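In what follows, a structure is listed as structure tokens, so that the remarks can point back to it.
Just so you know, these numbers use all the heavy atoms, side chains as well, and skip hydrogens, waters and symmetry mates. Note that the numbering runs from 1 along the sequence shown for the chain. All figures in this text were calculated on a predicted structure; none of them were measured in a lab.
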Amino acid sequence: MTEDTAKPELGLRERNKRDKARRIREAARELFLEKGFDAATTRQIAQRADVGLGTLFSYVSDKRDLLFLIYNEDQPKLTKAAFEDVPPDMPLLDQLVGIFGFYYRFFAQQPELGRFLLRELTFYVDGDQAARFQSGRREIVDGIEALVFRSRERGIINTAEDSRMVARIIFAVYQAEIRRWLQGNEPEAEAGLETLRRVLGMVFTGLAPGKNVA
């Protein structure tokens, strides 16, 4: 077989693979929302996706991996949209609230999925999708670190800690706040972002005597 005749075959194989992955993601999303994460089974998801159970497990390691297979498809696009075209002259707090707004609005559209994700996130380091998910989280922290570094260079913020540590603190606050926000029955993105702004404002201002933390 020549190289020219091999290419279309490889293209078709890749298209079939991507189509199966798409069907698995859609079936998993539908069943998790219909039945809940605990009640939905991998067999039901495979049946709805019209693939064999063995095929399903060639894409994921377990049911939790299925949950993150769904989110891993959206996370890079969210992060790209959140960090591109951030106004460089905007205060750091405004930049951060603008960035995190993309994630709040995403989860406001499907809060049940967000709750499942955050519940299953603890110690999520193993599984076919774990490395991809953790890489996406590091990319967010990398983006925050770059903003912090630029703000330090411009003299807008001043701290003895390195920019990476500051970025980790900011990301930790975001994680805690979005988890608390998602506990509501119908979480509203703007209300959650306003609370996030207040909490991050306290982090930036500090709790030293005489400082305004309102």
Side-chain angles (χ1 to χ4, degrees), residues 25 67-111 113-115 117-118 121-122 124-125 129-184 186-214:
R25 285 195 304 271
L67 187 59
F68 287 90
L69 177 67
I70 299 169
Y71 182 62
N72 281 344
E73 189 67 15
D74 293 316
Q75 182 170 243
K77 292 177 285 189
L78 271 174
T79 301
K80 182 177 185 298
F83 283 93
E84 67 181 4
D85 299 328
V86 177
D89 296 329
M90 182 181 286
L92 179 59
L93 181 57
D94 291 337
Q95 291 177 330
L96 293 169
V97 172
I99 287 165
F100 290 132
F102 282 84
Y103 301 92
Y104 271 77
R105 295 182 186 100
F106 173 81
F107 286 119
Q109 296 174 0
Q110 43 194 348
L113 186 64
R115 294 183 191 111
L117 280 165
L118 291 175
L121 175 59
T122 306
Y124 182 56
V125 293
Q129 296 297 318
R132 187 180 173 195
F133 175 75
Q134 296 297 342
S135 175
R137 284 161 61 88
R138 286 193 296 272
E139 188 176 351
I140 297 171
V141 178
D142 289 345
I144 297 171
E145 181 184 5
L147 293 177
V148 170
F149 180 81
R150 287 201 294 269
S151 291
R152 294 179 73 167
E153 289 288 290
R154 293 165 57 200
I156 295 173
I157 62 173
N158 181 30
T159 174
E161 294 291 349
D162 63 71
S163 298
R164 188 68 177 184
M165 184 61 70
V166 176
R168 286 175 57 187
I169 293 170
I170 291 169
F171 188 69
V173 169
Y174 155 72
Q175 288 184 102
E177 279 304 306
I178 203 166
R179 183 181 294 271
R180 181 203 58 76
W181 168 74
L182 276 171
Q183 291 176 355
E186 296 182 1
E188 296 181 359
E190 299 311 315
L193 286 168
E194 183 57 34
T195 302
L196 177 65
R197 177 185 290 277
R198 291 185 63 189
V199 176
L200 285 175
M202 285 192 287
V203 172
F204 287 2
T205 305
L207 299 176
K211 291 189 175 181
N212 180 16
V213 297

Review point. Are Lys80 and Glu84 ion-paired here, with the side-chain N under 4.0 Å from a carboxylate O?
Key: yes
Name every donor-acceptor pair, under 3.5 Å, that has one atom in a side chain of residues 85-101 and the other anywhere in the protein, sequence neighbours excluded.
unit_1	atom_1	unit_2	atom_2	d
Asp94	OD1	Arg197	NH1	2.7
Asp94	OD1	Arg197	NH2	3.3
Gln95	NE2	Pro87	O	2.9

Review point. Is there a donor-acceptor pair under 3.5 Å between the side chain of Tyr124 and the backbone N or O of Ala130?
Key: yes
Revision key, fill the gap. Tightest non-hydrogen contact, residues Pro187 and Trp181, listed as CB-CE2, 3.3 Å
Less than 3.5 Å apart, which donor and acceptor atoms pair up between the side chains of residues 166-175 and the rest of the protein, not counting sequence neighbours?
unit_1	atom_1	unit_2	atom_2	d
Gln175	OE1	Arg137	NH1	2.9
Gln175	OE1	Arg137	NH2	2.8

Exercise for review: Measure the spacing between CD of Glu188 and CG of Leu193 and express it to the nearest 0.5 Å.
Suggested key: 11.5 Å
Review point. Are any non-hydrogen side-chain atoms of Val148 and Glu145 less than 4.5 angstrom apart?
Key: no
Review point. Between CZ of Arg154 and CZ of Phe149, what distance do you get to the nearest 0.5 Å?
Key: 13.0 Å
Point to revise | Full working for side-chain contact (heavy atoms from CB on, under 4.5 Å) between Arg180 and Thr195 | key: CA-CA 10 Å; Arg180 181 203 58 76; Thr195 302; 3.5 Å; yes
Review point. Tell me, do Ile140 and Tyr103 make a side-chain contact under 4.5 Å, heavy atoms counted?
Key: yes
Exercise for review: Look at Arg150 together with Glu153 and state whether they make a salt bridge at an N to O cut-off of under 4.0 Å.
Suggested key: no
Point to revise | Pairwise distance CD1(Ile178) to CG(Leu196) - rounded to 0.5 angstrom | key: 8.5 Å
Exercise for review: Flag the pair Arg132 and Glu73 as a salt bridge only when some basic side-chain nitrogen lies within less than 4.0 angstrom of an acidic carboxylate oxygen.
Suggested key: yes
Practice item. Could you check Leu200 against Glu177 for side-chain contact (heavy atoms from CB on, under 4.5 Å), going step by step and ending with a plain yes or no? Key: CA-CA 10 Å; Leu200 285 175; Glu177 279 304 306; over 6 Å; no
Review point. Minimum heavy-atom separation for Phe83 to Ile144, with atom names?
Key: CE2-N, 3.7 Å
Check your understanding: Ser151 side chain to Leu147 main-chain N or O, any donor-acceptor pair under 3.5 Å?
Key -> yes
Point to revise | CG on Leu78 to CZ on Phe102, rounded to 0.5 Å | key: 8.5 Å
Point to revise | Near-ring test Tyr71/Phe107, centroid separation under 6.0 angstrom | key: yes
Exercise for review: May I have the step-by-step check of side-chain contact (heavy atoms from CB on, under 4.5 Å) for Leu67 and Gln129, ending in yes or no?
Suggested key: CA-CA 9 Å; Leu67 187 59; Gln129 296 297 318; over 6 Å; no
Check your understanding: At what distance, to the nearest 0.5 angstrom, does CD of Glu194 lie from OH of Tyr104?
Key -> 11.0 Å
Review point. Thr159 and Arg152: which non-hydrogen atoms are nearest, and at how many Å?
Key: O-NH2, 2.9 Å
Exercise for review: Check whether any side-chain heavy atom of Arg105 lies under 4.5 Å from a side-chain heavy atom of Glu190, and answer yes or no.
Suggested key: yes
